[in-house]
Amino acid sequence: MLGLAPLRFASPPPRAAAAVSAAANGGHSISLGDGCHCAVRPPGVKDADKARAETTEGASYKWRMVIAYDGTKFKGWQYQPSPPTIQCSIENALTRITKLDRKELCLVGAGRTDTGVHAWGQVAHFTTPFSYHCLDSMHSAINGLLPHEIRVREISAARPEFHARTSTKSKIYHYKIYNGPVMDPFHNHYAYHSAYKLNSQAMREAAKHFVGTHDFTSFANAVHNDRVRSPIKKIVRFDVIEMGAMLQLEVEGTGFLYRQVRNMVALLLQVGKEALPPDIVAKIIAARDRKELAKVALSAPPHGLYLMSVNYDKEMLQPPEGAPHISFGRTHQISKFSEKQDHKFRPSSGIPAVFATA
């Protein structure tokens, strides 16, 4: 846990607006016009330097993001410069906006999704030594710099004790299976295709054996790092839902081992094909040996898997005192004509004023 000073957010100036760098906009400073000041630091903006100077020395501010992404082209979440990862792309955007390096940002994700895995509700946090009076402008700037496959859905102030990974109460994953004889090309990168007609009822019976607290050693792939994780995990629910040709497997648990979800799905696929009985799940769990699963099933491919949401205790999500409002992104509207403008299109002659001759 990072040692963070208590979060206190200054009240916004009465009439202040952020500006975009003149160099980045053809030599003209452009007002964002959102009626509030945002301490975003584009290159060369003196107001951002002033905002930093006005913050309390030694203070740290923590920010929480909810992120969605299409993982098809990315090498998973975890940072590496090449090939690109989700974390790397977000850090690059944050670095350009805040002018902080990645060590200062300390970006942490709730789950380290694998290569090709998608997300709708990934959660991450980062820190800055300065505050923001409003988050909408910064939110728009981040999404403007990210590749179109990645979007920050929400951004909000977080409490000092909040940690995207260690504060997690549970996570929900979905796995999509297209169960038709001919694959729908629009789902090609987003669902696994099973041309075998799957017995969904047998899969439901098998999935029940996963629910509860178990040693899931048999369903964990070896991971090459120094982290030692307990194989004891609790599965809260495991549902098999039919939606036409699409079969959606939904699993919620307090935590998951490396590739655990894909390995559980792989076994359920074998049960669905009626190659194995539903009670095979209990036997594989009891074996506590990854080799036992390898004898009957291979990991399900990554492109059908989605991290749908990460859940926390409500108290952990309470904003700090004086924090800016949560940003869900800006909506755009067409400006309405004023009465003066509208009058030009309703002259007494019936001819629009803009076409009338003097």
Side-chain angles (χ1 to χ4, degrees), residues 67-78 80 83-87 109 111-122 149-150 171-200 202-204 206-207 210 216-224 233 235 238-253 256-276 280-281 284 290-309:
I67 308 159
Y69 48 84
D70 173 351
T72 304
K73 299 178 181 179
F74 296 90
K75 197 72 174 177
W77 164 268
Q78 195 167 358
Q80 62 182 52
T85 65
I86 306 297
Q87 183 178 357
R112 297 177 179 178
T113 54
D114 216 351
T115 300
V117 174
H118 315 295
W120 172 248
Q122 171 73 282
E149 295 94 346
I150 307 173
K171 296 177 186 175
I172 298 175
Y173 283 92
H174 288 182
Y175 195 93
K176 297 181 182 292
I177 303 166
Y178 190 83
N179 194 201
V182 179
M183 180 60 178
D184 182 340
F186 293 104
H187 291 291
N188 197 44
H189 297 295
Y190 309 105
Y192 169 70
H193 179 217
S194 174
Y196 293 91
K197 182 59 181 176
L198 299 174
N199 184 336
S200 59
M203 294 172 74
R204 288 188 190 95
F210 286 122
F216 283 99
T217 299
S218 296
F219 294 87
N221 281 25
V223 57
H224 303 289
K233 302 295 176 185
I235 300 298
F238 204 139
D239 301 324
V240 179
I241 301 170
E242 293 180 88
M243 300 181 293
M246 191 71 73
L247 201 61
Q248 184 163 288
L249 278 56
E250 302 182 0
V251 57
E252 179 177 2
F256 297 91
L257 302 170
Y258 181 53
R259 293 196 180 174
Q260 180 183 337
V261 177
R262 287 165 58 189
N263 287 330
M264 291 191 296
V265 169
L267 188 56
L268 291 184
L269 281 168
Q270 292 299 100
V271 173
K273 294 174 184 177
E274 299 182 343
L276 296 169
I280 189 65
V281 173
I284 298 292
R290 179 66 181 83
K291 293 178 182 178
E292 290 302 307
L293 177 64
K295 292 176 182 178
V296 296
L298 300 175
S299 289
H303 64 278
L305 184 61
Y306 299 74
L307 174 56
M308 293 303 296
S309 67

Holding to ring-ring contact (aromatic ring centres under 6.0 Å, His included), I want the full list of residues that pass it with Y190, two or more places apart in sequence or in another chain. H118
Partners of F256 by ring-ring contact (aromatic ring centres under 6.0 Å, His included), sequence neighbours excluded? Y173
Sequence-distant partners of [X], side chain to side chain contact (heavy atoms under 4.5 Å, CB included), two or more places apart:
| X | answer |
| --- | --- |
| Q80 | K75, P83, T85 |
| P84 | F74 |
| A220 | L257 |

Could you check if a side-chain atom of [X] sits within less than 4.5 angstrom of a side-chain atom of [Y], using non-hydrogen atoms only?
| X | Y | value |
| --- | --- | --- |
| I235 | Q260 | yes |
| L268 | F238 | yes |
| D184 | M246 | no |
| H303 | T72 | no |

Kindly write out the residues that satisfy salt bridge (Lys or Arg N to Asp or Glu O under 4.0 Å) with [X], not counting sequence neighbours, or none if the list is empty.
| X | result |
| --- | --- |
| E274 | none |
| K73 | E149 |
| K291 | none |
| D239 | R237 |

Taking atom CG of L298 as the centre, report whether more than 12 heavy atoms of other residues, nucleotides or ligands fall under 6.0 Å from it. no
Between A206 and V281, what is the shortest heavy-atom contact and its length? O-CG2, 3.6 Å
Heavy-atom pair with the smallest gap, counting every atom of M203 and G272: CG-CA, 3.5 Å
For Y69, give me all partners under side chain to side chain donor-acceptor pair (under 3.5 Å), at least two apart in sequence or on another chain. T113, Q122
For T115, side chain to side chain donor-acceptor pair (under 3.5 Å) partners two or more places apart: none
Check: residues 174-181 side-chain donor-acceptor pairs under 3.5 Å, at least two apart:
unit_1: H174; atom_1: ND1; unit_2: Q248; atom_2: NE2; d: 3.3
unit_1: Y175; atom_1: OH; unit_2: P301; atom_2: O; d: 2.7
unit_1: K176; atom_1: NZ; unit_2: Q248; atom_2: OE1; d: 2.5
unit_1: N179; atom_1: OD1; unit_2: L198; atom_2: N; d: 3.1
unit_1: N179; atom_1: ND2; unit_2: S194; atom_2: O; d: 3.0
unit_1: N179; atom_1: ND2; unit_2: Y196; atom_2: O; d: 2.6

